Each structure stands twice: as C-alpha cells, then as structure tokens.
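Note that the numbering runs from 1 along the sequence shown for the chain. Quick caveat: nothing in here was measured; it's all calculated off a predicted structure.
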Amino acid sequence: MKKKMAVMLLAVALAAVSISGCGSKAATDTEKEEEQKENPVDINITALKGPTAMGMVQFMDEAEQGKLTDENYQFSIAASADEVSPKLVQGETDIAAVPANLASVLYNKTEGKVQVLAVNTLGVLYLVENGNSVQSVADLKGKNHLCQRQGLYTGVCPGLYFVCKRN
C-alpha cells in the first residue's frame with residue numbers, strides 16, 4: 001500500500017512539474033511576441049530592376065497595404081548591381097536580391113559579414129543556338145542537346161529534359 005501511495009505521489013509531482021514548465025515557456029513566448037509587435041524593426045530591402053524584383057512584388061504590395069505589420073519594410077529598386085553592393089557593405093540595406101556571383105564576391109570581400117540567405121534561379125532556362133532555327137520548344141524535337149553544368153548530372157539537363165517531355 002505504501003508503494004502505491006509513493007508511486008501516486010511521484011506521478012502527481014511529475015505532472016505538476018511538467019505543467020508548470022510548459023506554462024512559463026508559453027508566457028515567455030507570448031511576452032516576446034508582444035514586445036516584437038510593439039517595437040517593429042526597420043528592414044531595408046533592395047532588389048534589381050526587372051526579373052529579380054518581380055519575385056518580390058506580392059511581398060512589396062502586402063507591406064504597402066499594411067497587411068504585414070510584424071516589421072517596417074522599406075523597399076528600393078536598383079538599376080544595376082553596382083548600386084546594391086555599396087549599400088550592402090555599408091549597412092544601408094539589410095536584404096538584397098542580387099546575382100549569385102555577386103553574393104559570393106561580397107561574402108568573400110566582407111569576410112562573411114554579407115551572407116547568402118537563398119539562391120533562386122527563378123526557373124530560368126537559357127537556350128543558345130547557332131543560327132535561327134529554334135523558335136519554340138517544338139523546334140528542339142529530334143535535335144541533339146548539349147547541357148554544360150557541373151555536379152552529379154554532368155551532360156544531363158533536368159530542366160531541358162522536363163520542358164521537352166511536357167511539350
């Protein structure tokens with residue numbers, strides 16, 4: 001009987017400790033969220049004019065309409081990558097959409113102070129031909145394709161393969 005009572009008391013004590021632990025974490029998270037809502041941070045975002053900025057259009061629109069209230073987003077569009085580099089290095093912009101090769105150069109020149117958040121190819125597939133015989137995907141049928149790339153699938157271009165199979 002004493003063993004059963006001891007086991008029951010131990011179970012109740014463990015339950016009480018685990019419940020109290022959950023409550024304090026939830027309160028802390030709620031406090032952090034409320035503090036963040038009260039003190040939004042200014043975030044300056046720069047994108048290159050053209051396709052690079054097109055991926056941000058919805059984000060820009062929602063921020064402008066006031067749908068995004070967690071932070072204060074400020075957007076600027078640059079005509080060339082030469083305008084973005086100094087802004088990143090000097091800390092005038094916090095996030096920038098730039099070509100991947102520029103991102104790697106900035107990372108190395110700043111010794112890691114500028115870091116890559118994501119690499120996005122926007123689903124772009126470039127085709128180059130000698131002449132003027134390819135006007136559409138259908139014109140590729142029956143022709144040999146060479147894909148220059150590095151990695152596991154040298155000589156195989158999954159994007160081109162996919163496009164040709166779908167058409």
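- Scored by the side chain to side chain contact (heavy atoms under 4.5 Å, CB included) test, Asp61 finds Gln65 as partners (sequence neighbours excluded).
- Here the closest non-hydrogen pair linking Ala81 and Leu48 is N-CD2, 3.5 Å.
- When all heavy atoms are compared, the tightest approach of Ser133 to Asp139 is O-OD2, 3.6 Å.
- Considering OH of Tyr73 and CG of Asn44, their distance stands at 12.0 Å, rounded to 0.5 Å.
- Around atom CD of Gln135, more than 12 heavy atoms belonging to other residues, nucleotides or ligands sit under 6.0 Å away.
- Separation of atoms CG (Leu88) and NZ (Lys113) is listed at 13.5 Å; rounding is to 0.5 Å.
- Asp94 pairs with exactly one of Val41, Asp42, Ile43, Ile45 by the side-chain contact (heavy atoms from CB on, under 4.5 Å) rule, that one being Ile43.
- Once rounded to the nearest 0.5 Å, the distance linking OG of Ser76 with NZ of Lys87 reads 4.0 Å.
- The 12-atom threshold is exceeded at CZ of Phe59, counting heavy atoms of other residues, nucleotides or ligands nearer than 6.0 Å.
- The CG atom of Asn39 sits 10.0 Å away from atom CD of Glu71, with the distance rounded to the nearest 0.5 Å.
- At least one donor-acceptor pair under 3.5 Å links the side chain of Ser104 to the backbone N or O of Asn101.
- Looking at heavy atoms from C-beta onward, Val98 lies out of side-chain contact with Ser85 at the 4.5 angstrom threshold.
- Residue Ile77 is not grouped with residue Met54 when hydrophobic side chains (ILVMFWY) are merged at heavy-atom distances under 4.5 angstrom, including chains of intermediate members.
- Using a 4.5 Å cut-off between side-chain heavy atoms of Ile, Leu, Val, Met, Phe, Trp and Tyr, with links allowed through other members, Tyr107 and Val89 fall into different hydrophobic clusters.
- Within 6.0 Å of the CD atom in Glu92, the count of heavy atoms belonging to other residues, nucleotides or ligands exceeds 12.
- Met60 and Ile95 fall within a single hydrophobic cluster, where Ile, Leu, Val, Met, Phe, Trp and Tyr are joined by side-chain heavy atoms under 4.5 Å apart, directly or via other members.
- The distance from the CD atom of Gln74 to the CD atom of Glu64 is 10.5 Å, given to the nearest 0.5 Å.
- Heavy-atom minimum distance, Ala97 versus Met56: CB-CE, 3.5 Å.
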